[in-house]
Amino acid sequence: MKPRIPQGTRDFTPQQIAKRNYIFEIIKEVYELYGFRPIETPTMELLSTLTGKYGEEGDKLLFKILNNGDFLKDVSPELLAEKKSAAIIPKIAKRGLRYDLTVPFARFVVMNQNALSFPFKRYQIQPVWRADRPQKGRYREFYQCDADVIGSKSLLYEAELIQIIDEVFKRLNIKVTIHINNRKILAGIAEATGIGAEHFVDMTVAIDKLDKIGAEKVMEEMVRRGIAAPKAEQVMGLLEIDSIEQLAAKMDDVGSESGLNGVEKLQTIWRFLEHSPLTNYLKFDIALARGLNYYTGTIFEVTANDVEMGSILGGGRYDDLTGIFGLKNMSGVGISFGAERIYDIMEAGSLFPEGIVHDVQALIVTFDDLALDYGFGILTALRKAGIAADIYPEPVKMKKQMKYANARAIPFVIVIGDNEMKTGELVLKNMETGVQQTLFLEDLLTVLSPSQT
RNA sequence: GUAGCUGUAGCUCAGUUGGUUAGAGCACUGGAUUGUGGUUCCAGGGGUCGGGGGUUCAAAUCCCCUCAGUUACCCCA
């Protein structure tokens, strides 16, 4: 049979894992520096935990897990005959794969509330699954790197998260722009232009596309979604505002309470950051809307400056995420790094540093069976001394053994044959320079010991 | 769900208006070279041309169906 993997999934080679771990390690280090602690949640959740949390579209993108055993026993013949899949699903699947890390986190907080102290800061780096149609930079299985604080309304945490974003991209050597807005400002725009609550989502969905499709198309989309043309035009006018001061004046003019509230919140964040300069550019972006999910306050997004690649981080504040699980008044704010896209950017810009792919320090190559026995003893000595090493398992042609060392990018080869066994002096070859030296085992251990290199 | 593009050796891909036995590079195996790789040279193995049907004297090539991958839309990391 032809080997295949499911659509939208990928294998990872050791080299790719090394690079991916490099990104994860930097994110983890910075998260921990800022007091976030790791948690993990199960790969599968009860379907009832997941459904209805991501909108109608989201439900379709959930991977469901077929029940074990006689999964059809609770399905009535009538239901089967009607072929109504949506009605049958809950009867044959009670579990599903996690779709993101935020909803499982909300469930986690509610279930473990007695064991946690609030504000609770957690980070979580795990894969999620979506039954979306894959395309460039989008997969059915991918990692999210989330950090959230739950149980505080303080805007200090927004400031902290911005510092985290800045620090991570500084360490990764990627130049980015951090876009920030507040949904209350968008509500203010709706208020100012008389767009009612029923069209608020239509407005945000449309203006979120401003940088992608341009002003004209955004205007068209709003009208297509049922917003009166003059109102849509007014919205477009407001979107040209690019300073907070200007916006404050405008919101004051129209007397929009929520607009002013949003402005105030942004100003507070800026005040926190006043004396802590950022490396990257923090940009107020009035057109940033981030779709229509659970965000209610601050919203973030990050784009790379030098590469065309969509957003590489998203985040924001949600006032009531745990409410659906029975825990009220828990405001939270969080971010999520898009690890795969960051990987692609770093690959495209050759931003991964040298030497992050770790293999063994030395490979022992041998000329005959006697040397192989002898070499296995040397190998054990190397490993006891803490030196990562391997031996070629058969005394085949030198060329083949050398090629193997090359292919694995092993820096040193230890050659063992009759001469070496007679004298006890081993040949150590530097595979980069080609230089060889003969050394007794003790000296060899010193030269190769990790503290020396 | 809708549309475009692509399926040829293990991998990346050539293959002319349909025409004899379908090719290259890389990888692999053996040899030149009985103690030395990353840079040589020679030879070799490997193919249901995604699958099925049709047109034709003749199909990798043209037509239909189907499967898979991929890109875009919707949505999203």
Side-chain angles (χ1 to χ4, degrees), chain A residues 1-10 13 23 27 54-62 85 99-102 125-146 201 204-206 208-209 212-213 217 221 224-225 289-293 295 300-304 309-316 334-345 363-368 371 392 395-422 426-436 438:
Chain A
M1 65 179 287
K2 220 176 190 174
R4 291 207 160 283
I5 55 175
Q7 189 183 39
T9 64
R10 292 158 297 164
T13 63
I23 296 173
I27 293 173
Y54 309 103
E56 220 175 292
E57 282 297 310
D59 285 355
K60 283 187 206 160
L61 302 182
L62 286 172
S85 304
Y99 178 88
D100 71 357
L101 300 178
T102 308
I125 300 178
Q126 288 189 279
V128 302
W129 292 266
R130 296 182 186 179
D132 208 347
R133 289 293 287 269
Q135 49 184 278
K136 194 172 184 61
R138 186 198 281 184
Y139 307 95
R140 286 185 153 180
E141 177 184 60
F142 61 97
Y143 272 85
Q144 288 194 330
C145 312
D146 279 29
V201 167
T204 57
V205 166
D208 194 40
K209 297 175 183 169
K212 251 192 200 166
I213 62 177
K217 292 262 172 75
E221 176 145 357
R224 191 162 47 77
R225 284 172 177 268
R290 288 205 58 72
L292 55 140
N293 30 34
Y295 298 119
F300 311 106
E301 202 162 283
V302 170
T303 52
M309 177 70 82
S311 75
I312 52 178
L313 175 141
I335 53 173
S336 179
F337 285 88
E340 337 282 327
R341 286 182 179 177
I342 292 172
Y343 183 104
D344 290 346
I345 286 174
L363 179 78
I364 297 173
V365 301
T366 57
F367 282 105
D368 52 39
Y392 199 88
V396 295
K397 288 201 323 185
M398 216 19 63
K399 178 172 179 164
K400 193 171 166 60
Q401 300 191 56
M402 286 291 183
K403 271 186 111 162
Y404 180 71
N406 257 339
R408 276 180 65 175
I410 297 172
F412 292 97
V413 159
I414 296 162
V415 185
I416 298 175
D418 286 344
N419 301 341
E420 288 75 16
M421 286 190 283
K422 236 177 273 168
L426 309 173
V427 171
L428 178 70
K429 174 163 183 160
N430 182 320
M431 291 301 278
E432 209 177 315
T433 61
V435 175
Q436 295 192 173
T438 52

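Only heavy atoms go into these numbers, but all of them, side chains included; no hydrogens, no water, no symmetry mates.
Taking the P atoms as reference points, U56(B) lies 16 Å from G18(B), given to the whole Å. G10(B) and G51(B) have their P atoms separated by 13 Å, with the value rounded to a whole Å. If you take atom P in A22(B) and the same atom in U34(B), they sit 38 Å apart, rounded to whole Å. When the C1' atom is compared between C11(B) and G52(B), the two are found 28 Å apart, to the nearest whole Å. As rounded to the nearest Å, C42(B) and U61(B) have P atoms that lie 35 Å from one another. Nucleotides C13(B) and U6(B) are separated by 12 Å at their C1' atoms, to the nearest Å. If you take atom C1' in G31(B) and the same atom in U48(B), they sit 33 Å apart, rounded to whole Å. For the C1' atoms, the distance linking C41(B) with C63(B) amounts to 49 Å, nearest Å.
We find that NZ of Lys400(A) is positioned 12 Å from P of G31(B), with the value rounded to whole Å. Distance Leu61(A) CG to C76(B) P: 10 Å, rounded to the nearest Å. Taking atom OH on Tyr343(A) and atom P on A77(B), their separation rounds to 22 Å, with Å as the unit. Spacing between atom CG of Asp208(A) and atom P of A77(B) amounts to 10 Å, rounded to whole angstrom units. What separates CH2 of Trp129(A) from C1' of C76(B) is a distance of 17 Å, to the nearest Å. Separating the NZ atom of Lys60(A) from the C1' atom of C76(B) is a distance of 15 Å, rounded to the nearest angstrom. Between Tyr404(A) atom OH and U29(B) atom P the separation is 13 Å, expressed in whole Å. The distance from atom CD of Gln401(A) to atom P of U29(B) is 13 Å, rounded to the nearest whole Å.
Side-chain N/O atoms of Lys397(A) include one lying less than 4.0 angstrom from OP1 or OP2 on G31(B).
Annotation: side chain of Met402(A) is in contact with side chain of Met431(A) (closest heavy-atom distance under 4.5 Å). Residues Phe142(A) and Val128(A) have side chains in contact (heavy-atom distance under 4.5 Å, counting atoms from C-beta outward).
The side-chain contact (heavy atoms from CB on, under 4.5 Å) test applied to Tyr54(A) returns Leu50(A), Leu62(A), Tyr99(A), Asp100(A), Val103(A), Pro104(A), not counting sequence neighbours. Remark: Lys209(A) pairs with Glu221(A) by the salt bridge (charged side-chain N to carboxylate O under 4.0 Å, His left out) rule, at least two apart or across chains.
Of the inter-residue distances, the one linking Ile125(A) atom CD1 with Gln144(A) atom CD reads 11.0 Å to the nearest 0.5 angstrom. Phe367(A) contributes atom CZ, which lies 12.5 Å from atom NZ of Lys397(A) (distance to the nearest 0.5 angstrom).
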Donor-acceptor contacts, no H, no angles, side chain residues 413-421 of chain A, under 3.5 Å, sequence neighbours left out:
{"from": "Glu420(A)", "atom 1": "OE1", "to": "Gly417(A)", "atom 2": "N", "distance (Å)": "2.9"}

Might you work through the side-chain contact (heavy atoms from CB on, under 4.5 Å) test for Tyr392(A) and Thr366(A), ending with a clear yes or no?
CA-CA 7 Å; Tyr392(A) 199 88; Thr366(A) 57; 6.0 Å; no
Assess the residue pair Tyr404(A) and Arg408(A) against the criterion (side-chain contact (heavy atoms from CB on, under 4.5 Å)); give the C-alpha distance rounded to whole Å, side-chain angles, the decisive distance to 0.1 Å, and a yes or no.
CA-CA 6 Å; Tyr404(A) 180 71; Arg408(A) 276 180 65 175; 2.9 Å; yes
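Across all non-hydrogen atoms, the minimal contact from Ile345(A) to Ile312(A) is CD1-CG2, 3.6 Å.
The aromatic ring of Phe337(A) does not sit over the base of A77(B); the criterion of centres under 5.5 Å apart with planes under 30° is not met.
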Between protein and nucleotides 35-45 of chain B, map the contacts as a letter string: B base, S sugar-phosphate only, - none, heavy atoms under 4.0 Å, written 5' to 3'.
BBBB-B-----
Within the sub-3.5 Å range, which N or O atoms of nucleotides 67-73 of chain B have a protein N or O partner, and how far apart are they?
{"from": "U71(B)", "atom 1": "OP1", "to": "Lys136(A)", "atom 2": "N", "distance (Å)": "3.4"}
{"from": "U71(B)", "atom 1": "OP2", "to": "Lys136(A)", "atom 2": "N", "distance (Å)": "3.4"}
{"from": "A72(B)", "atom 1": "OP2", "to": "Gln135(A)", "atom 2": "OE1", "distance (Å)": "3.0"}
{"from": "A72(B)", "atom 1": "OP2", "to": "Lys136(A)", "atom 2": "N", "distance (Å)": "3.3"}

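In secondary-structure terms, RNA chain B builds stems of at least 3 consecutive Watson-Crick or G-U pairs, each pair having both distances under 3.5 Å, at B:1-7 with B:67-73, B:10-13 with B:23-26, B:28-32 with B:40-44, B:50-54 with B:62-66.
Under the 3.5 Å distance criterion, the side-chain polar atoms of Arg341(A) are matched with a main-chain donor or acceptor of Ser311(A). Of the possible donor and acceptor atoms, one in the side chain of Gln401(A) sits under 3.5 Å from a partner among the backbone N and O of Val396(A). Put simply, the side chain of Glu141(A) never gets that close to the backbone of Gly8(A): no donor and acceptor are under 3.5 Å apart.
Within 4.0 Å (heavy atoms only), Arg225(A) reaches sugar-phosphate atoms of the nucleic acid but no base atom. Counting non-hydrogen atoms under 4.0 angstrom, Tyr139(A) reaches a base of the nucleic acid.
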